[in-house]
Amino acid sequence: MKHFREFIYDKSDIIVALVILLIAALVIFWRFEAIADYPSTLVDSDNVKFANESSETHKSKDEAKDNEKKSDNDSSDSKSEKNTDGKDSSDVFSDGVTNQDANISVQSGSAIEAAESLVSLGYFSSYDDFVSTCNNEGVDPNSIKAGSFNIPAGSAKADIARIVCQ
């Protein structure tokens with residue numbers, strides 16, 4: 001009995017460590033699928049959060065446009081769509097291409113904010129229009145760069161998307 005007690009006292013630290021490792025291994029084995037799925041769960045939750053923020057931004061922008069259109073229709077019979085700067089979109093485009101050379105400034109921040117600066121300048125009707133144009137051209141809309149860009153006359157929306165997303 002004395003030898004057994006000395007063995008326990010001498011090896012108790014090692015035994016406790018082995019028990020902890022055994023419990024950890026059992027928990028990992030038991031929850032392996034949940035642990036392995038965590039990165040995709042994290043990405044999915046980020047995408048949902050981004051989509052919710054994007055849709056809330058678009059709803060508020062659409063409401064502002066609707067209110068602006070109502071006030072435009074009340075004050076005049078003009079049917080042209082105006083952006084947030086009051087600039088008529090027909091001032092920018094003619095037959096689907098830009099009327100004149102322009103130096104535009106894309107503001108820094110998130111991709112949505114940068115694209116919204118192009119919307120406010122009249123180059124795209126909405127953020128969704130920018131995204132669909134980028135997707136049609138095989139350009140990542142999240143790669144939009146902040147800065148000043150030269151838009152030559154005769155540029156289509158696809159050309160503008162490629163220029164600002166280089």
Side-chain angles (χ1 to χ4, degrees), residues 24 27-76 78-166:
V27 169
I28 290 171
F29 181 73
W30 173 53
R31 299 293 295 168
F32 181 75
E33 283 189 35
I35 294 169
D37 287 341
Y38 182 72
S40 62
T41 304
L42 187 61
V43 168
D44 290 343
S45 68
D46 285 347
N47 288 341
V48 168
K49 181 180 175 184
F50 177 76
N52 288 339
E53 289 174 356
S54 176
S55 66
E56 289 173 6
T57 302
H58 294 308
K59 285 178 186 176
S60 63
K61 297 275 186 191
D62 291 340
E63 289 172 1
K65 284 184 182 180
D66 289 342
N67 291 338
E68 187 176 313
K69 284 182 183 180
K70 287 178 186 175
S71 66
D72 287 346
N73 287 339
D74 291 343
S75 64
S76 69
S78 174
K79 299 290 183 184
S80 63
E81 181 181 334
K82 296 187 177 214
N83 63 23
T84 56
D85 289 341
K87 195 178 203 182
D88 197 344
S89 62
S90 64
D91 290 344
V92 177
F93 285 101
S94 174
D95 297 325
V97 295
T98 55
N99 291 330
Q100 58 189 0
D101 288 345
N103 286 321
I104 62 170
S105 179
V106 175
Q107 68 184 29
S108 63
S110 70
I112 294 173
E113 292 169 343
E116 289 297 334
S117 65
L118 292 173
V119 171
S120 68
L121 293 170
Y123 288 99
F124 293 95
S125 59
S126 67
Y127 174 75
D128 291 330
D129 182 29
F130 173 75
V131 170
S132 65
T133 301
C134 287
N135 289 338
N136 289 342
E137 293 302 310
V139 176
D140 179 18
N142 293 320
S143 67
I144 187 169
K145 307 286 188 247
S148 296
F149 300 93
N150 182 29
I151 306 298
S155 297
K157 288 182 178 183
D159 299 325
I160 296 168
R162 278 193 299 272
I163 290 170
V164 299
C165 291
Q166 289 179 345

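Residue numbers start at 1 and run along the sequence shown. The structure presented is a predicted model; accordingly, all values stated were derived computationally and were not measured.
Between the side chain of N136 and the main chain of T133, no donor-acceptor pair closer than 3.5 Å is present. A donor-acceptor pair is defined here as one N or O able to donate and one able to accept, closer than 3.5 Å; such a pair exists between the side chain of T98 and the backbone of P152. Using modelled atom types, one side-chain atom of S132 and one backbone atom of D128 make a donor-acceptor pair closer than 3.5 Å.
In this structure, K157 and V97 have side chains that are not in contact, with every pair of non-hydrogen atoms separated by 4.5 Å or more. Within the 4.5 Å cutoff, the side chain of I112 has no heavy atoms near those of the F130 side chain. Counting only heavy atoms from C-beta outward, the side chains of C134 and C165 approach each other to under 4.5 Å. The shortest side-chain heavy-atom distance between Y123 and V164 does not fall under the 4.5 Å cut-off.
A distance of 11.5 Å separates CD of E116 from CZ of F124, quoted to the nearest 0.5 Å. Interatomic distance, CD1 of I160 versus CD1 of I151, reported as 5.0 Å (0.5 Å rounding).
Applying the salt bridge (Lys or Arg N to Asp or Glu O under 4.0 Å) criterion to E137, with sequence neighbours excluded, gives R162. Under the salt bridge (Lys or Arg N to Asp or Glu O under 4.0 Å) criterion, D101 pairs with no residue, sequence neighbours left out.
Residue pairs satisfying the ring pair (Phe, Tyr, Trp, His ring centres under 6.0 Å) criterion with at least one member in residues 141-166, sequence neighbours excluded, are absent.
A161 and V139 get closest at one heavy-atom pair: O-CG1, 4.4 Å. Heavy-atom minimum distance, S125 versus V119: O-CG1, 3.8 Å. In terms of heavy atoms, L121 sits closest to S105 at CD1-O, 4.1 Å.
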